[in-house]
Amino acid sequence: MIFTIVSLATSMPTKRNKNSYTNAPPVGLEKLQSSITVTPSKAEPFYGSLPRHVTPKQVKKVMDGSINPFTNQPFTAQYKRILESRKKLPVYTQMEEFYRMFNKNQILIMVGETGSGKTTQIPQFVCYTDLPHTKGKLVCCTQPRRVAAMSVAKRVADEMDVPLGKEVGYSIRFEDMTEPGTTFLKYMTDGVLLREAMNDPNLTRYSTIILDEAHERTLATDILMGLLKNLARRRTDLKIIVMSATLDALKFQKYFSLKQGKPAPLFKVPGRTYPVEVFYTREPQLDYVEAAMRTVLMIHRTEDPGDILLFLTGEEEIEDACRKIQAEADDLQKQDPGSIGPLACIPLYSSLPPSQQQRIFDPPPSSRSVISPPGRKVVVSTNIAETSLTIDGIVYVIDSGFSKQKLYNPRMRVESLLVSPISKASAQQRAGRAGRTRPGKCYRLYTEHVFMTELEEQTHPEILRSNLANTVLELAKLGIKDLVRFDYVDAPAPETLMRALELLNYLSALDDECNMTPLGAIMAEFPLEPQMAKMLIVSPKFNCSNEILTIVAMLSVPNIWNRPIFMRREADSAKRSLEVPEGDHLTLLNVYNCYVQNIHNKRWAWDNFLSQRSLLQANNIRAQLKRYMEKFDIGLISTRDEIQLYVNIRQALVCGFFMQVAHKGAGEVAYVTVKVPEVVSLHPSCGLSGESEWVLFDEFVLTGGAYVRTVTAVKPEWLLEFAPKYYDINSFPNGKMKNALLQVQKNMRTPSLSIGAKKKKNKSKNKKKAKRDKNGAGEENNKTQSQAVTGSPVADLTVSLPSSLAL
DNA sequence: GAGCACTGC
């Protein structure tokens, strides 16, 4: 494979640039510092200052002073030390420009590349002029990830010389490190701010809201942008800063334009990274995994010391590549130990246990002898290393050009993962990972032509790739009635919105005019998918809310089953011993109960091939949801008799998941999903024993084939009884499914028939009818889909509310 | 008889 050097990655400043930051402070700053006279221990450094009228000169004076203006305590030596390093950040040198723009404008777009210091400094700058503590307000800064919110808050607390959780804090799910009345600068995940908006649409607590990493376009950030743009008109005192990477700036400037045709002002700060040389292949590569392996070995043989980061798409691919690279590199070294050093290949993906993930920070292997060259570390990673994790010492990046991306198919109502080409922005981000500690190289396993002509500029924002049921419910709770005309940065497909509305209507969360029902208002408060929220809220009616609470928590965490490659048989047999024959949902309940019984046995999870991390997380989520249940006075109820309990649970499942049901007629091989017919198989991990004509499932996955995963057997009578609106038989296309349901309905009306007789009758009738209906069923299906969207009056609204709810 | 890209409440 031949690479050609084509370009230096754009927007990477040269090394000289960097030195100018570290060695010599900008002229203006130097002058200013020497002219500052430190006022000795004056009690109020901000005495007489008005919020938003503080000048940069005053700010610098206070920063360089001896008294912390926010606590009136003397600054520590650590503060002074950190301040000196802060002064070297690119953003610090543009403080005056920032204040000029911030004081003059309500909305500001800010662009700052890696290393500019925007995430740590801008919120502090804002505090120095906003003086939120003087008016009982807060400044907040959102992050897409929990870890970032926590670690940045810690850093900024140190920089401001205050304990974390006091003046500076953070708020993430399960953890609120703030002190009401004291905290005035709060880092938080975007999801938490969105939750706060649901209870206070004016976000009155905040004087300034900063959305960081807006270019990542998470669902929560996108919705927040829409809300804030609107809120800015109602609350003219609120200031908004949207921070992003360069490429998206103009889009955000136009979106946040307050006056027609006048884009929002842009504040731009250069980054501080090293140049990265980019190489492309001359020819397209048919097999990128193979090409990647050859490139790793080529670098190892011929390039200077420095670690390698290789981007592939998923766990299996990564483990496979690691084994092969390791084997080949070991061979090479054996053959020629004098000129080739040892190589350590380390996999990285999110489902890896944390101890394994830590390995990426190990130093490269040391050379075996004095004459042999130094060792090299190769990290083979998913996209997790693109944004979430930073590895120091990476000099070479190999970019396969692919990643797994979530896609939503509104017609099939299925979210699935698909290996897809990355965007230019993503390719640039990957390349940048090579230039964090010194100049680096990036090898792209595709041609420059492909890069220029075939890659999209940006990765499609999440809002265009997701099932929006949850988002639509949140918007409804936020009082957004007209979803189609909501001011999205990028509007989702109308069909996706229709699907969400349809689901919420069937769940009785929205009425036929799309008004939120009392039930919907409570559902929106739960941090759950609408199906699960509904199921949990109605579960006291079935005397099993205690158990449904557990099941919902277990369904909210990543896969709990460990299955190590060399111990599959043992893992499978351990799983079998925990399985409940009626269905996987009951198995999850059983696993959780066993986990709690053995909570003091640290080896229990390990011995049973279960993920300790997922079980712990389920326990956390269960506790949080339990608090919500108490808040809404939803009773925790159990049923003593286990047989009855299991029936009750399966009935409660139907109340949430009646749209996720598949049917297999007698004598048929495959299951077919209801209403929108798709042929599906039970996922091999499914523990359901025996034949079950009707099954309810949690997930529909498209991997190789169409599978349903986490499956429980249900009775068709329950479908008709607990979801009469969806199972309105007239809305079904003629065919086997309709006949089966008609038969069930008939039997429900004539309960005098014995069970045995019922079964016989069913069978013979179904067969005859099935033959008649064989033709033309496909056409009918299409009709049903469009009918389903309009829907009929909410028949089961009254049934949906638990009697314990006084509404 | 298959496989959880990555986040978040």
Side-chain angles (χ1 to χ4, degrees), chain A residues 142-149 171-176 188-199 213 216-224 311-320 348-352 381-389 400 402-407 415-420 422 426 429 459 461-462 465-466 470-471 473-474 477 523-530 532-533 552-553 556-565 568-569 571-572 611 613-614 617 620-621 624-625 627-628 681-687 699 701-710:
Chain A
T142 68
Q143 297 292 318
R145 281 167 294 277
R146 296 161 52 93
V147 183
S171 186
I172 58 180
R173 187 182 186 181
F174 305 129
E175 210 182 336
D176 186 8
M188 65 209 298
T189 42
D190 48 13
V192 170
L193 185 60
L194 192 56
R195 290 258 141 203
E196 287 187 6
M198 284 183 6
N199 290 312
E213 316 288 1
E216 289 195 28
R217 303 293 304 277
T218 65
L219 247 171
T221 300
D222 261 32
I223 299 300
L224 282 170
F311 285 102
L312 293 180
T313 64
E315 170 175 350
E316 203 178 339
E317 195 178 86
I318 287 169
E319 291 289 355
D320 197 44
L348 176 63
Y349 43 87
S350 76
S351 59
L352 219 50
S381 172
T382 61
N383 255 2
I384 193 171
E386 200 179 296
T387 47
S388 310
L389 274 169
S400 63
F402 289 94
S403 70
K404 275 194 193 173
Q405 283 164 41
K406 186 173 72 180
L407 281 177
E415 271 182 351
S416 53
L417 285 174
L418 202 70
V419 174
S420 329
I422 61 170
S426 189
Q429 179 74 18
T459 311
E462 209 182 350
R465 298 183 285 119
S466 305
N470 213 358
T471 306
L473 187 60
E474 280 166 7
K477 176 85 186 181
M523 283 168 63
E525 295 269 353
F526 280 86
L528 290 170
E529 290 298 310
M532 292 214 257
V552 162
S556 305
V557 299
N559 186 21
I560 56 162
W561 310 101
N562 281 340
R563 204 161 175 257
I565 298 174
R568 287 192 175 166
R569 201 180 297 173
D572 289 349
S611 159
R613 192 164 39 151
S614 290
Q617 202 184 339
N620 244 333
I621 292 178
Q624 188 194 30
L625 294 175
R627 287 194 294 274
Y628 278 99
S681 313
L682 299 186
H683 194 273
S685 67
C686 170
E699 267 182 301
V701 287
L702 284 169
T703 45
Y707 292 97
V708 288
R709 196 160 49 189
T710 314

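Only heavy atoms go into these numbers, but all of them, side chains included; no hydrogens, no water, no symmetry mates. Reminder, nothing fancy here: chain letters follow the sequence lines and each chain counts from 1.
- Listed candidates were B:dA5, B:dT7, B:dG8. Nearest to the side chain of A:N470 is B:dG8.
- Using a 4.0 Å heavy-atom distance criterion, A:R195 is classed as a base contact.
- Rounding to whole angstrom units, CG of residue A:L352 and P of B:dA5 are separated by 11 Å.
- Rounded to whole angstrom, the span from the CZ atom of A:R217 across to the P atom of B:dG8 amounts to 19 Å.
- At the phosphate of B:dC6, OP1 or OP2 sits under 4.0 Å from a side-chain N or O atom of A:S350.
- Following rounding to the nearest Å, A:E317 (CD) and B:dA2 (C1') show an atom-to-atom distance of 17 Å.
- The A:L417 side chain lies nearest to B:dA5 when the options are B:dA5, B:dA2, B:dC9.
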> Could you walk me through whether A:R145 and A:E216 pass the salt bridge (charged side-chain N to carboxylate O under 4.0 Å, His left out) check?
Replying inline: CA-CA 11 Å; A:R145 281 167 294 277; A:E216 289 195 28; 2.8 Å; yes
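- Partners of A:T221 according to the side-chain hydrogen bond (donor to acceptor under 3.5 Å, both in side chains) rule, which considers only residues two or more places apart in sequence or in another chain, are A:D190, A:T218.
- Counting atom types as modelled, A:R568 pairs a side-chain N or O with a base atom of B:dG3 as donor and acceptor under 3.5 Å.
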> So A:T382 and A:S350, side-chain contact (heavy atoms from CB on, under 4.5 Å) or not? Walk me through it.
Replying inline: CA-CA 8 Å; A:T382 61; A:S350 76; over 6 Å; no
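- For A:S681 and B:dG1, the shortest distance from a side-chain N or O to OP1 or OP2 is not below 4.0 Å.
- A:E386 and A:S426 share a donor-acceptor pair across their side chains, judged by distance under 3.5 Å alone.
- The residue A:P558 sits close to a base: some heavy atom pair falls under 4.0 Å.
- Atom NZ in A:K406 sits about 8 Å away from atom C1' in B:dT7, given to the nearest Å.
- Take A:E319 and apply the salt bridge (charged side-chain N to carboxylate O under 4.0 Å, His left out) test, not counting sequence neighbours, and it matches no residue.
- One interatomic measurement links the two molecules: CD1 of A:I318 to C1' of B:dA5, which rounds to 9 Å at whole-angstrom precision.
- Checking B:dA5, B:dG1, B:dG3 against every side-chain atom of A:T382, the shortest atom distance belongs to B:dA5.
- Atom pair A:R709:CZ and B:dG3:C1' shows a separation of 7 Å (rounding to whole Å applied).
- Note on A:R146: a side-chain N or O is less than 4.0 Å away from OP1 or OP2 of B:dC9.
- With B:dA5, B:dA2, B:dT7 as the candidates, the nucleotide lying closest to the side chain of A:R465 is B:dA5.
- Close to B:dA2, at under 4.0 Å from its OP1 or OP2, lies no side-chain N or O of A:S685.
- If you measure from atom CD of A:E462 to atom C1' of B:dC9, you get 13 Å, rounded to the nearest angstrom.
- Within 4.0 Å of A:F174, counting heavy atoms only, lies no atom of the nucleic acid at all.
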